[in-house]
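To keep things clear, I will list the structure first and then write my remarks on it.
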Amino acid sequence: MRIIDARVVVSSPGRNYVTLIVETEDGLTGIGDATLNGRELAVASYLRDHVCPLLIGRDARRIEDTWQCLYRGAYWRRGPVTMTAVAAVDVALWDIKGKAADMPVYQLLGGAARDGVMLYTHASGETLADLHEDFQAHLDQGFKAIRVQSAIPGLEKTYGIPAPGGEIYEPASGSRPQEDRWDTAPYLDFAPQMVASIREEFGYGTHLLHDVHHRLSPIEAARLGKALEPHRMFWIEDPTPAEDQSAFRTIRQHTTTPLAVGEVFNSIWDCQQLITERLIDYIRASVSHAGGITHLRRIFALADLYGVRSGSHGAGDLSPASFAAALHVDMSIPNFGVQEYMGHRPPADEVFSVSYSISEGHAHPGDAPGIGVTFDEEAAARHPYDPKYLPINRRLDGTVHDW
Ligand code: GCO
Ligand code: MG
């Protein structure tokens with residue numbers, strides 16, 4: 001089953017996606033998501049210039065060997081660009097293997113370990129009243145786990161709030177990054193009030209999550225966790241900058257609020273200490289940024305040994321191909337926790353046809369062979385790449401802060 005072609009398509013059906021397409025001599029096609037929001041062309045070049053030529057002639061069935069060759073063979077390991085490129089190849093090869101076996105990928109990974117995958121969505125609002133309205137809309141759609149974000153009074157912009165008229169939260173802007181302003185003190189006062197208002201209005205029947213987006217110091221995050229304890233959070237997400245693993249010791253010493261981190265992680269080495277020292281409750285690494293199905297399963301297997309569950313990143317900047325791939329992993333691992341779902345806005349559905357389905361707040365990857373997503377290259381060509389940057393965040397005195 002030799003690979004005869006591997007090509008990269010960069011398109012923008014609603015937002016920018018980089019898609020790798022791999023074809024074999026037997027006429028099988030596999031796809032993988034290679035999107036790295038705001039740095040798309042770096043991964044496209046890594047694949048086109050350095051990886052695709054190496055794939056030609058390889059046996060598509062040798063997934064582990066291909067992974068090892070791309071990871072160890074580059075000598076320069078890890079990092080978001082490398083690991084997103086490796087992930088795209090890995091997922092495309094699993095897609096091909098599933099098609100060759102005429103099975104959905106989750107069957108190849110051991111079969112269904114549950115009936116469906118619990119999703120969490122994102123409710124937000126400029127005011128608490130708007131947030132409540134949005135929260136109710138998500139409840140009405142059947143979601144069982146909801147992340148809550150609301151604009152911080154007194155701050156011009158807050159992470160996670162759609163622009164007026166915007167359906168989906170999309171922070172990225174054109175040829176220069178937009179600049180946001182941040183002030184920790186009002187945030188720390190406001191966040192517990194926001195969560196309390198949701199519990200008062202809606203009770204305790206829904207799992208509540210909140211994304212801090214890497215903005216606090218360890219002791220500030222500890223204080224937030226403590227203040228949120230009465231509200232029984234499912235988790236607080238990314239409380240501190242993720243690369244500082246020992247910071248989580250400080251947070252952990254002070255609070256029983258569950259901690260989740262890892263959407264920016266690329267490898268098992270980024271979370272080794274967090275997992276083996278039991279400093280977190282959920283690991284949020286994703287298929288598309290952490291080396292694909294092969295490597296993500298290894299991360300989750302390590303996490304399982306230490307009682308840490310999965311909670312993969314699933315923002316809208318991860319394409320339907322990686323969302324589907326995530327669902328196959330989520331279905332089959334023993335220590336699944338929750339899966340983020342931010343959805344994909346039209347015209348993504350013109351370009352990606354999916355076999356996964358969502359009902360009552362749970363997703364199922366479907367039973368189409370492979371990952372169950374097809375990519376229409378002609379439709380993609382109608383939506384050319386639209387370069388965008390994620391914002392930069394500054395404190396009120398102008399100092400650059402984590403966004
Ligand atoms: C989330 C995330 C995202 C990121 C985005 C960056 O959904 O949890 O924090 O919204 O900001 O993926 O590209
Ligand atoms: Mg997040």
Side-chain angles (χ1 to χ4, degrees), residues 12 14-18 33-43 80-81 83-84 87 119-124 134 138 143 145-150 157-163 166-174 177-178 180 182 187 191 207-216 221 224 233-243 258-266 270-271 280-290 310-323 326 337-345 348 386-393 401-403:
S12 188
R15 57 190 312 169
N16 290 316
Y17 296 122
V18 179
D33 180 21
T35 310
L36 187 61
N37 196 10
R39 295 291 185 272
E40 295 85 3
L41 298 185
V43 188
V81 175
M83 297 304 277
T84 302
L119 302 174
Y120 80 85
T121 50
H122 182 96
S124 62
D134 201 27
H138 285 87
F143 290 107
I146 304 177
R147 186 169 70 189
V148 290
Q149 311 289 140
S150 178
K157 268 228 162 78
T158 305
Y159 159 78
I161 316 298
E167 268 170 61
I168 293 188
Y169 173 58
E170 160 62 293
S173 64
Q178 135 202 323
D180 292 356
W182 173 253
Y187 167 75
H207 296 302
L208 276 194
L209 300 83
H210 173 66
D211 193 352
V212 186
H213 225 258
H214 316 276
R215 289 168 186 209
L216 298 178
L224 177 67
M233 302 297 290
F234 188 91
W235 77 35
I236 52 173
E237 178 171 325
D238 293 336
T240 51
E243 62 271 37
L259 305 173
V261 69
E263 64 183 46
V264 298
F265 290 165
N266 317 119
D270 297 334
C271 44
I280 54 171
D281 301 281
Y282 295 91
I283 178 69
R284 288 187 31 72
S286 69
V287 162
S288 61
H289 297 145
S310 73
S312 279
H313 188 210
D317 50 272
L318 281 67
S319 91
S322 51
F323 183 68
V338 72
Q339 168 66 51
E340 180 179 1
Y341 174 63
M342 292 283 270
H344 300 94
R345 71 179 127 195
D386 176 19
K388 278 190 172 143
Y389 288 93
L390 284 167
I392 284 173
N393 208 17
H401 194 72
D402 298 277
W403 174 71

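From a predicted model like this one, the values you see are computed outputs, not experimental measurements. Counting starts at 1 for both ligands and their atoms, following the listed order. All residue numbers in this chain count up from 1 along the given sequence.
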Tell me, which protein residue and heavy-atom name are nearest atom 1 (C) of ligand 1, and how many Å apart are they?
-> Glu340 OE2, 3.2 Å
Kindly determine whether Leu318 and His313 satisfy side chain to side chain contact (heavy atoms under 4.5 Å, CB included), including the steps that lead there.
-> CA-CA 8 Å; Leu318 281 67; His313 188 210; 3.7 Å; yes
With heavy atoms under 4.0 Å as the rule, classify the contact between His122 and ligand 1 as side chain, backbone, both or neither.
-> neither
Can we call the ring centroids of Trp182 and Tyr187 under 6.0 Å apart?
-> yes
List every atom of ligand 1 that sits less than 4.0 Å from any heavy atom of Asp317, numbering the atoms from 1 in the order shown and giving each element.
-> 5 (C), 6 (C), 12 (O), 13 (O)
Atoms of ligand 1 less than 4.0 Å from Asp211 heavy atoms?
-> 1 (C), 8 (O), 9 (O)
Note: Leu318, heavy atoms under 4.0 Å from ligand 1, region reported as neither
Check the side chains of Ser322 and Asp33 for a donor-acceptor pair under 3.5 angstrom, ignoring hydrogens and angles.
-> yes
In the protein, which heavy atom is nearest to atom 11 (O) of ligand 1, and how far is it?
-> His213 NE2, 2.8 Å
If you stand at the Mg ion (ligand 2) and look out to OE2 of Glu237 and OD2 of Asp211, what angle do those two lines make, to 10°?
-> 90°
Arg147 and His122 have their tightest heavy-atom pair at NH2-ND1, 2.8 Å
Which of the ligand 1 atoms, numbered from 1, are nearer than 4.0 Å to a heavy atom of Glu263 = 1 (C), 2 (C), 3 (C), 4 (C), 8 (O), 9 (O)
Atoms of ligand 1, numbered as shown, that sit under 4.0 Å from any heavy atom of Tyr159 | 1 (C), 2 (C), 9 (O), 10 (O)
Quick one: report the N, O or S atom of Glu263 that is nearest to the Mg ion (ligand 2).
-> OE1
Ignoring hydrogens and angles, tell me if any N or O in the side chain of Asn266 forms a donor-acceptor pair with the backbone of His289 under 3.5 Å.
-> yes
Parallel under 30°, tilted from 30 to 60°, perpendicular over 60°: which one fits the rings of Tyr159 and Trp403?
-> perpendicular
For Arg284, the atoms of ligand 1 under 4.0 Å from one of its heavy atoms are 8 (O)
Considering heavy atoms of the protein only, find what lies nearest to atom 13 (O) of ligand 1 and give residue, atom and distance to 0.1 Å.
-> Asn37 ND2, 2.9 Å
Enumerate the atoms of ligand 1 whose separation from the nearest heavy atom of Glu237 is less than 4.0 angstrom.
-> 1 (C), 8 (O)
Heavy-atom contacts under 4.0 Å between Arg147 and ligand 1: side chain, backbone, both, or neither?
-> side chain
Trp403 contact mode with ligand 1 (heavy-atom cut-off under 4.0 Å) | side chain
